[in-house]
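The structure appears below as structure tokens.
Start at 1 and go down the list; that is how both ligands and their atoms are numbered. These figures come from a predicted structure and were not determined experimentally.
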Amino acid sequence: MHARIAGTGSYLPEKILTNADLEKFVDTTDEWIRTRTGIESRHIAGEDETTTDLAEKAARIAMLDAGVGPEDIDLIVVGTATPDLVFPNVGTLLQARLDIHGCPAFSVEAACAGFLYALSIAEKFVATGSARCAMVIGADTLSKMVDWKDRSTCVLFADGAGAVILKATEEPGIISTHLHADGRYKDLLLYPDGVSKGFKKVRAGNVGVIMKGNEVYKVAVNTLGALVLETLKANHIGKEKIDWLIPHQANIRIIEAIAKRLDLPMERVIVTIQHHGNTSAASVPLALDAGIRDGRIKRGQLLLLEAFGGGFTWGSALVRY
Ligand code: COA
């Protein structure tokens, strides 16, 4: 059995924050943000809007697109680093909202690579016959974790959700997935507080995402460059076979470097960073859905998905859409 993408959906919060808006409260400029990152604006969740709220909207669209109902879904896997609650997990909260009952529902925590991790796990359930119709989500509200006074991070991160419905088929859809992690890099990109740390920094009002941006940048380019080549090699295919690169949207310069590694012109790369910013685990499924809905990605085409995040964690998928 193979897992094929039967439908996609995505959702972005209504509130848009432009670079000009940011200029009003942090020491930055539109020019700096655009030239260093490619970002022009991003969507920010409302104060009471949670990761599950965004995920639910994306999930409902994906279900409609795939023509499936609550009774069809037999697995829910959510990649997120920003759960509404510690437990129940976002998968379970989403399950209740969608009136789905009894199937396994859980979240995986792999920062910006969360969707690729979730997709890889769900694909294995489908391929082994443990699930026939899986919902895979990437959803995050990183805006709730950044320090809005820290210009080195607050201009980058944003909120959103993307969803994919996988169905069991005889023809390959998800051809292969490749996951990696290396915890030696834990200090380059992190949120330094949490449950068993006692939320001490949160209580002191002194916390935000910490990132050594230029060091992350170098590792991301090298690691993703190697990852895309590993993905092609594992499938014995040449670079020219890829129809679309659907990369994690962290920085336009990283995206361009990986496209170059694949000898792909930018016309064959789905780029959403200018209006999405870095939506963490949501970034790849948001870009995938954008490319499908505007008609660029067509059935039968070969897609290469990749993402890189804190940990570090990284992953790719070769997909026949
Ligand atoms: N506005 C204006 N200036 C800023 C700024 C901002 N928002 N943020 C940082 N700067 C300044 C720095 O203070 C520094 O000033 P200095 O030279 O006077 O010390 C200067 O800009 C250069 O900073 P640096 O961090 O070296 O810039 P950069 O070219 O590496 O770009 C990033 C910064 C974050 C855009 C880039 O490193 C990046 O994208 N890294 C990877 C991030 C990533 O992928 N993260 C997520 C993985 S999921």
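- Residue contact check: T37 has heavy atoms under 4.0 Å from atoms 35 (C) of ligand 1.
- Remark: atom 18 (O) of ligand 1 lies closer than 4.0 Å to no protein heavy atom.
- Protein heavy atom at the shortest distance from atom 46 (C) of ligand 1 is N278 ND2, 3.6 Å.
- Separating the CG atom in L22 from the CH2 atom in W148 is a distance of 6.0 Å, to the nearest 0.5 Å.
- For ligand 1 and V155, the ligand atoms under 4.0 Å from any heavy atom of the residue are 7 (N).
- At a heavy-atom cutoff of 4.0 Å, ligand 1 is contacted by no atom of V26, backbone or side chain.
- Looking only at protein heavy atoms, the nearest one to atom 30 (O) of ligand 1 is N214 CB, 3.5 Å.
- Short contacts between ligand 1 and R253, defined as distances under 4.0 Å to a heavy atom of the residue, involve ligand atoms 29 (O), 31 (O).
- W32 CZ2, 3.4 Å is the protein heavy atom nearest to atom 10 (N) of ligand 1.
- Look at A220 and you'll find every heavy atom at least 4.0 Å from all atoms of ligand 1.
- Listed by chain and residue number, V195 satisfy the side chain to side chain contact (heavy atoms under 4.5 Å, CB included) test with V86 (two or more places apart in sequence, or in another chain).
- For ligand 1, the polar-atom distance check against R36 finds a nitrogen or oxygen pair separated by under 3.5 Å.
- The protein non-hydrogen atom at the shortest distance from atom 40 (N) of ligand 1 is G213 O, 2.9 Å.
- At a 3.5 angstrom cut-off on N or O pairs, G309 does not count as close to ligand 1.
- Heavy atoms from both the backbone and the side chain of Y217 come within less than 4.0 Å of ligand 1.
- A distance of 11.0 Å separates OH in Y217 from OG1 in T37, rounded to the nearest 0.5 Å.
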* Are L75 and C103 close enough, and set up right, to give a side-chain contact (heavy atoms from CB on, under 4.5 Å), and what steps lead you there? -> CA-CA 6 Å; L75 173 70; C103 74; 5.6 Å; no
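- Once rounded to the nearest 0.5 Å, the distance linking CG of D140 with CG of L54 reads 9.5 Å.
- Near S152, the atoms of ligand 1 lying under 4.0 angstrom from a non-hydrogen atom of the residue are 8 (N).
- From Y117, atom OH reaches atom OG1 of T177 across 10.5 Å, with rounding to the nearest 0.5 Å.
- Near I254, the atoms of ligand 1 lying under 4.0 angstrom from a non-hydrogen atom of the residue are 44 (O).
- Salt bridge status for D74 with R132: absent, with no side-chain N to carboxylate O gap under 4.0 Å.
- Contacts between T28 and ligand 1, counted as non-hydrogen atom pairs separated by less than 4.0 Å, involve both the backbone and the side chain.
- Using a cut-off of 4.0 Å between Lys/Arg side-chain N and Asp/Glu carboxylate O, D187 and K212 are scored as not salt-bridged.
- Nearest protein heavy-atom neighbour of atom 43 (C) of ligand 1: V216 CG1, 3.8 Å.
- Using a 4.0 Å threshold on non-hydrogen atoms, atom 26 (O) of ligand 1 counts as touching the protein.
- Between atom 36 (C) of ligand 1 and the options L22, L188, L189, N251, the minimum heavy-atom separation is to N251.
- Among all non-hydrogen protein atoms, the one lying nearest atom 14 (C) of ligand 1 is R151 NH2, 4.8 Å.
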* Carefully, step by step, assess T82 and T51 under the rule side-chain hydrogen bond (donor to acceptor under 3.5 Å, both in side chains). => CA-CA 7 Å; T82 49; T51 296; 3.2 Å; yes
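- Nearest protein heavy-atom contact of atom 45 (N) of ligand 1 is M211 SD, 3.3 Å.
- When the side chain to side chain contact (heavy atoms under 4.5 Å, CB included) test is applied to E109, no partner is found at least two apart in sequence or on another chain.
- The protein atom (non-hydrogen) at minimum distance from atom 44 (O) of ligand 1 is A250 CB, 3.4 Å.
- Close approach of ligand 1 to C112 (heavy-atom distance below 4.0 Å) involves ligand atoms 48 (S).
- Closer than 4.0 Å to atom 48 (S) of ligand 1 lies at least one heavy atom of the protein.
- Using a cutoff of 4.0 Å between basic side-chain nitrogens and carboxylate oxygens, K260 and E256 are not scored as salt-bridged.
- Heavy atoms only, all atoms of each residue included: G160 and L286 are closest at CA-CD1, 4.2 Å.
- Of the polar atoms of T29, none of the N or O atoms is found under 3.5 Å from an N or O of ligand 1, judged by distance alone.
- A salt bridge links D289 with R293: the closest approach of a Lys/Arg side-chain nitrogen to an acidic carboxylate oxygen falls below 4.0 angstrom.
- Between the OG1 atom of T141 and the CD atom of E49 there is a distance of 9.0 Å, given to the nearest 0.5 Å.
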* Between R42 and N19, does a side-chain contact (heavy atoms from CB on, under 4.5 Å) hold up when you go through it step by step? -> CA-CA 9 Å; R42 71 285 287 141; N19 292 350; 2.9 Å; yes
